[in-house]
Amino acid sequence: MKNPEVARILYNIAIYMEMQGEMVFKVRAYEKAAQSVEALGEDVNEIYGKGGMKALEEIPGVGKSIAEKIEELLKTGKLKYYEALKKKIPVDVEGLRRIEGIGPKTILALYKKLKIKNIEDLEKAAKSGKIRTLEGFGQKSEENILKGIEFMKRSSGRYVLGHILPLGKEIEKRLASLEYVKTAIVAGSFRRRKETIGDIDILVVSGEPKKVMDYFVKMPEVINVYGKGETKSTVKLENGIDVDVRVVEEKSYGAALNYFTGSKDHNISLRRIAVEKGLKLSEYGLFKKQKFVGGRTEEEVYKILGLRYIEPEIRENTGEIEASKKGALPKLIGYSDLKGDLQTQTSWTDGSDTIEEMALAAKKTGLEYIAITDHTKALAMTGGLDESKIAKQGKEIDKVNEKLEGIKILKGAEVNIMKDGHLDISDKALSQLDIVGAAVHSNFNLSREDQTKRIISAISNEHVDILFHPTGRIIQKREPYDADIQKIIDAAKDTGTVLEIDAYPDRLDLKDEHVKLAVSSGAKLCIDSDAHNKNHFRFLEFGIAQARRGWAEKKDVINALPLGKMLKMIKGE
DNA sequence: GCCGTTTTCGGCCCGACTGTTTTCAGTCG
């Protein structure tokens, strides 16, 4: 059993405990442990293999009791304690929890009163008007449940890229390491780094496709084989995602990779260009009549079609082909171009590691500077800092800066934009900070006009440098708040406020199309991990991918600049 | 259930919002 599965079970135990009215701190303990396991950089099996129970207990938030449960899971693949909970209340807690507004207590009430066990039951009950009759529920709750289900359905069947990427890369690596495999690469929307993906498409070059097929359908994660052919197979993995593998000859590699990377619309445009040139483009290559004229590499395919090479992230048929023809493609920001990270949280609020630990981890990922931007007081749940604590943290940062070399820590904060657009921290305190990020964390439901006004008013504060996660969406969970993004982008440009691409996998906010708007409007961007622990810096990759999908160049992104230049730019000329 | 140079016991993140209620439970962050 791998880390995500262990974490999942711990999360579910927490839900069950909360349902049963267990002490809130006990529930938190399980959630915390789950988070910790989820964020581990190392396979929990390896940790256990090397150091046994003792090593498990060294995982933050894991003590004797939870370590024993993890041990049982690793050894037997099951947990009696968890099985008993499931038997006692046989409800799909995980599924129901995914609907916004539904928590453990609601799940329990619905089960007790209406025997609702899963989302289908819930939808039926809501549609037939049964829920509004329950005590503690009303018409509004019923409507909200239906809305929640609708939203969930629209986003289901797809997986958040950040959740699937490690698995995709792992399978890619596994296939590539086989002696009879020349190349293995994940194509599809995965390679285009779309924020959500429907399935994993893998392209393999091998002279022995049969062997590849045999190996593939027998991988340990496979729970169902839809089809197994000579050169193509499709399976379902235990986590629910479908994976396709296709084997081609080496000379078709470029054409096949291009074909399987998509997008479909992009490919159609390419094929049309081929036809205009009297050629035929398929996954096997470019052909003139029956004769193979190219397709070994993608570069070759584009070249023969009279195009510059187009990076996968922008193959969406939204102007990239025209730009390529004209030689006007953007020079996309690179995956190793970032010099700093301007949004990170520490154990001062809802992060789990210290300032020093975060700084060291950032340094290890190759960054030169980070801003510590803990939450401020209006976000009480995180223990948000007030003015005096911000000052105190500043002194701590000074100390750590003195101690560390090769990484500079900036003083910052993630301040709350209140309902009327003012901030929850005084201007005087803000003026002491290097980086002030402002963010909306409440009143998501204002009218479009009010929300837009509120945000613009906040970023008009002279101390605000960055608008953090500008639209507030959570992928597959929460819609962005209603606001006029173009107006906000224009205001950002006017006030010299930087717009963030929050790289947290479930946020990716700004999203690609907004990035494109921002870039074309001339607003500046930054790409931040929003790290809540030291393993989260890897999220930056997803933020960069999103930036690339939005046609952002290095010059558009302020934290691709070295520290001095970045500060100069952010504080205005 | 976890954790500790202020603690091996007694703390542990709690305020805003929503929708249901007339004083609060549940959810979210």
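Because only heavy atoms are used, hydrogens play no part in the values below, and waters and symmetry mates are left out as well, while side chains stay in. Each chain gets a letter, A, B and so on, in the order the sequences are listed, and its residues count up from 1.
Across the strands present, B:dT8 finds no partner; the criterion is a Watson-Crick or G-U wobble pair with both atom distances under 3.5 angstrom.
Between A:F137 and A:S442, the residue anchored closer to the 5' end of DNA chain B is A:S442, taking for each the nucleotide with the nearest heavy atom. For the pair A:E100 and A:L134, nearest-nucleotide mapping onto DNA chain B gives the more 5' position to A:L134.
Residue A:T106 is classed as a sugar-phosphate contact, given heavy-atom separations below 4.0 Å to backbone atoms only. Within the 4.0 angstrom heavy-atom criterion, only backbone atoms of the sugar-phosphate kind lie near A:K64; the bases stay farther away. Within the 4.0 angstrom heavy-atom criterion, only backbone atoms of the sugar-phosphate kind lie near A:K140; the bases stay farther away. Residue-level contact check: A:E143 touches neither bases nor backbone, having no heavy atom under 4.0 Å from any strand. Within the nucleic acid shown, A:V62 comes within 4.0 Å of sugar-phosphate atoms alone, with no base atom in reach, counting heavy atoms only. Counting non-hydrogen atoms under 4.0 angstrom, A:R132 reaches nothing in the nucleic acid.
The residues A:E31 and A:R28 are annotated as salt-bridged, a charged nitrogen and a carboxylate oxygen being separated by less than 4.0 angstrom. In this structure, A:E120 does not pair ionically with A:K124, as no charged nitrogen and carboxylate oxygen lie closer than 4.0 Å.
For the OP1/OP2 pair of B:dT27 and a distance below 4.0 Å, the side-chain nitrogens and oxygens of A:R97 include no atom meeting the criterion. Applying the 4.0 Å criterion to OP1 and OP2 of B:dA16, one finds that A:N443 has every side-chain N and O outside that range. Side-chain N/O atoms of A:S141 include one lying less than 4.0 angstrom from OP1 or OP2 on B:dT20. Proximity of A:N445 to the phosphate of B:dC17: no side-chain N or O atom is located under 4.0 Å from OP1 or OP2.
Comparing B:dG29, B:dC2, B:dG19 by their nearest atom to the side chain of A:A29 picks out B:dC2. Closest to the A:H441 side chain, of the nucleotides B:dG29, B:dT27, B:dG1, is B:dG29.
Listed here is the closest heavy atom pair of A:Y81 and A:I13: CE2-CG2, 3.7 Å. Listed here is the closest heavy atom pair of A:A67 and A:L56: O-CD1, 3.6 Å.
One can place CD1 of A:I13 at 11 Å from P of B:dC2, the figure rounded to the nearest angstrom. At whole-Å resolution of the value, OH in A:Y481 and C1' in B:dC28 are 15 Å apart. Rounded to whole angstrom, the span from the NE2 atom of A:H375 across to the C1' atom of B:dG15 amounts to 14 Å. A:Q451 has its CD atom 14 Å from the C1' atom of B:dC17, to the nearest Å. Put simply, CD on A:E58 is 12 Å from P on B:dG4, counting in whole angstrom units. Remark: P of B:dT18 and CD1 of A:I145 are 17 Å apart, rounded to the nearest angstrom. As rounded to whole Å, 9 Å separates atom C1' of B:dG29 from atom CD1 of A:I474. Remark: P of B:dC13 and CG of A:D386 are 16 Å apart, rounded to the nearest angstrom.
Comparing the same atom, C1', in B:dT21 and in B:dG26 gives a spacing of 13 Å after rounding to whole Å. For B:dC14 and B:dC9, the C1' atoms lie 23 Å apart once the distance is rounded to whole Å. B:dG1 and B:dT5: their P atoms are spaced 23 Å apart (whole Å). B:dC12 sits 16 Å from B:dT6 when the C1' atoms are compared, rounded to a whole Å. Taking the C1' atoms as reference points, B:dT20 lies 9 Å from B:dA25, given to the whole Å. Atom C1' of B:dG29 sits at a distance of 11 Å from the matching atom of B:dC13, rounded to the whole Å. A distance of about 24 Å separates the C1' atoms of B:dG15 and B:dG10, rounded to the whole Å.
Within the cation-pi definition used here (under 6.0 Å to the ring centroid, within 45° of the axis), A:R193 does not qualify as a partner of A:F542.
Heavy-atom contacts from other residues, nucleotides or ligands closer than 6.0 Å to CD of A:E83 number more than 12.
Between A:Y82 and A:Y16, the ring-plane angle classifies as perpendicular under the 30° and 60° cut-offs.
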